[in-house]
Enquirer: 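Structure incoming, see below.
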Amino acid sequence: MEVVVSGIRSTGNLHLGNYFGALRNFVKMQHESRCFFFIADYHSLTTHPTPSDLKYSVKQVLTEYLACGIDPEASTIYVQSDLPQTAELYLLLNMNAYVGELERCTSFKDKIRQQPDNVNAGLLTYPTLMAADILIHKATKVPVGKDQEQHLEMARTFANRFNRLYSTETFPEPHAFNFGSSLVKVPGLDGSGKMGKSEGEGNAVFLSDEDAVIRKKIMRAVSDSGPTESGQPKSDAVQNLFTLMGLVSDKSTIEHFDESYNNCTIRYGDMKKQLAEDMIKFISPVREEINRIGADTKLLERVMNEGKEKATESANKTLREVRSIIGFRSLY
Ligand code: AMP
């Protein structure tokens, strides 16, 4: 059976980018593969959260995983820091990860721009930690959004490099995966780039947002001054609105606004109102589940404990093999 691993950083609430890029696939895959889904709290330390923020975020991400339909009976859900074996594999992989290749990584360059006063080694070695998360379970499929494509390429490099160095076939090659075949990039509401937690207030719609908040955010989304001739290409900002509509609205609704764009009668206010209502229809049942599950502390505790146990068994098996190949004493 194919092994699947994926995670989401615990840096707050989950947004539509996390859902359509990763989570939606988690839910679909859990009954046909051996799935490990984790909450990436080691990774979240690159931005130095306070202990109480960190605790809140871990609980929130776990709650949102469950609210979206991840079934803890079918898959293993665990907290990354509950599996310190990952940190050991991260250290071992770092010995064969070269500073030059890590510095060339697009996400590292983005982070340098976003947080110039906090360019820590954790940011530089983010891809090795991600490779350790994947390789610790010998996963071959990794459901992620388009922004993670390069990280997956690096995970393959580190896996192959280890195999070559020790003349083994320990690690299979992991590949990014999406059910719709091409990887997804959900745009943000600010007219540029992608939806993301660190892209600024109002850029992201969260699964836990109240209806009024969703309406406000969508109505404020960037558009343009409107088409002036038929067949005019859409600006990035307007294309983003259509892309978001493609995720939550009916085909006939999208066709209607596409047609009115093409014949220059479109009113962005009407389009945004419709988009907001369709988003609310999609998000409000999830939000209700988040509120219900979030209050069930016992359930959350049980899922974390069971997940830790199952993930540990899988990680120990890999590390036993890796330590023996390297020449370390047996430990696990
Ligand atoms: P992060 O929030 O950066 O930890 O990302 C967790 C998962 O969500 C990864 O698989 C990302 O590829 C995915 N993701 C985050 N933002 C987006 C986005 N705007 N579009 C598509 N996928 C995304």
Side-chain angles (χ1 to χ4, degrees), residues 4-29 35-47 49 53-54 57-58 60-62 64-65 68 70 77 79-81 86 105-111 114-115 122-123 126-127 129-134 139 141-155 174-200 202-208 217 221 236-237 239-248 279:
V4 173
V5 170
S6 200
I8 299 183
R9 255 177 321 150
S10 58
T11 41
N13 302 29
L14 303 189
H15 51 73
L16 287 177
N18 296 134
Y19 181 80
F20 287 103
L23 256 176
R24 182 174 55 167
N25 289 303
F26 294 4
V27 177
K28 280 195 195 170
M29 296 170 100
C35 293
F36 295 87
F37 301 125
F38 64 95
I39 299 149
D41 58 347
Y42 279 148
H43 268 121
S44 77
L45 295 184
T46 55
T47 51
D53 282 352
L54 186 125
S57 300
V58 168
Q60 192 61 22
V61 174
L62 173 61
E64 297 190 13
Y65 274 4
C68 287
I70 300 188
I77 309 173
V79 180
Q80 189 185 29
S81 64
T86 308
C105 187
T106 316
S107 61
F108 179 62
K109 290 183 193 159
D110 285 347
K111 289 291 172 194
Q114 282 168 6
Q115 48 184 79
L123 279 181
Y126 201 100
L129 181 52
M130 184 162 158
D133 288 321
I134 297 165
K141 272 190 185 168
V142 186
V144 285
K146 187 145 185 62
D147 56 324
Q148 299 291 333
E149 211 166 20
Q150 195 182 25
H151 288 163
L152 260 296
E153 199 183 315
M154 296 178 84
H175 289 271
F177 177 83
N178 183 282
F179 266 103
S181 73
S182 59
L183 300 182
V184 173
K185 178 180 159 191
V186 177
L189 300 174
D190 60 2
S192 63
K194 64 161 194 168
M195 186 171 284
K197 283 172 267 216
S198 43
E199 322 291 326
N203 174 52
V205 178
F206 294 96
L207 300 178
S208 52
K217 284 183 179 173
D236 287 348
Q239 182 53 52
N240 288 353
L241 292 178
F242 274 94
T243 304
L244 290 168
M245 223 177 201
L247 298 173
V248 293
M279 257 187 201

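Order of listing sets the numbers, starting from 1, for every ligand and every atom in it.
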Enquirer: Mind checking whether Leu189 and Asn240 have side chains closer than 4.5 Å, heavy atoms only?
Expert: no
Enquirer: Which ligand 1 atoms does Val144 reach within 4.0 Å, using its non-hydrogen atoms?
Expert: 10 (O), 12 (O)
Enquirer: Do Glu64 and Ile8 make a side-chain contact, defined as non-hydrogen atoms from C-beta onward lying under 4.5 Å apart?
Expert: no
Enquirer: Which word best sums up how the rings of His43 and Tyr126 line up, parallel for under 30°, tilted for 30 to 60°, or perpendicular for over 60°?
Expert: tilted
Enquirer: Measuring from atom 22 (N) of ligand 1, which candidate in Ser10, Gly17, Ser6 has the nearest non-hydrogen atom?
Expert: Gly17
Enquirer: Does ligand 1 have an atom that lies less than 4.0 angstrom from a heavy atom of Lys146?
Expert: no
Enquirer: Please examine the side chains of Ser6 and Val144, heavy atoms only from C-beta on, and report whether any two atoms are closer than 4.5 Å.
Expert: yes
Enquirer: Is it the side chain (CB and beyond), the backbone, both or neither of Lys185 that lies under 4.0 Å from ligand 1, heavy atoms counted?
Expert: backbone
Enquirer: Measure from atom 20 (N) of ligand 1 to every heavy atom in Val186, Ile39, Thr11 and give the option owning the shortest one.
Expert: Val186
Enquirer: For His15, state whether at least one heavy atom is located under 4.0 Å from any atom of ligand 1.
Expert: yes
Enquirer: Distance under 4.0 Å to a non-hydrogen atom of Lys197: what atoms of ligand 1 satisfy this?
Expert: 2 (O)
Enquirer: Does an N or O from Tyr126, backbone or side chain, lie closer than 3.5 Å to an N or O of ligand 1?
Expert: no
Enquirer: With a cut-off of 4.0 Å, which atoms of ligand 1 are near a heavy atom of Val184?
Expert: 20 (N), 21 (C), 22 (N)
Enquirer: Does some side-chain heavy atom of Gln148 sit less than 4.5 Å from a side-chain heavy atom of Met130?
Expert: yes
Enquirer: Has ligand 1 got any nitrogen or oxygen that is less than 3.5 angstrom from a nitrogen or oxygen of Gly145?
Expert: yes
Enquirer: Taking C-beta and beyond as the side chain, do Leu152 and Ile134 meet within less than 4.5 Å on heavy atoms?
Expert: yes
Enquirer: Applying a 4.0 Å heavy-atom criterion (strictly less than), which segment of Asp147 is in contact with ligand 1: side chain, backbone, both, or neither?
Expert: side chain
Enquirer: Is the shortest N/O to N/O distance between Pro143 and ligand 1 below 3.5 Å?
Expert: no
Enquirer: For Gly21, counting its heavy atoms only, list the atoms of ligand 1 lying under 4.0 Å from any of them.
Expert: 21 (C), 22 (N)
Enquirer: Taking Lys197 as the fixed residue, which of Leu14, Asn203, Thr47 is the one that meets the side chain to side chain contact (heavy atoms under 4.5 Å, CB included) rule?
Expert: Leu14
Enquirer: Checking Asp41 side chain against Ser81 main chain: does a donor-acceptor pair fall under 3.5 Å?
Expert: yes
Enquirer: Please list, in number order, the atoms of ligand 1 under 4.0 Å from a heavy atom of Gln148.
Expert: 9 (C), 11 (C), 12 (O)
Enquirer: Is the closest N or O pair between Gly196 and ligand 1 shorter than 3.5 Å?
Expert: no
Enquirer: Are any non-hydrogen side-chain atoms of Asp147 and Leu183 less than 4.5 angstrom apart?
Expert: no
Enquirer: May I ask you to check whether Met195 has an N/O atom sitting below 3.5 Å from an N/O atom of ligand 1?
Expert: yes
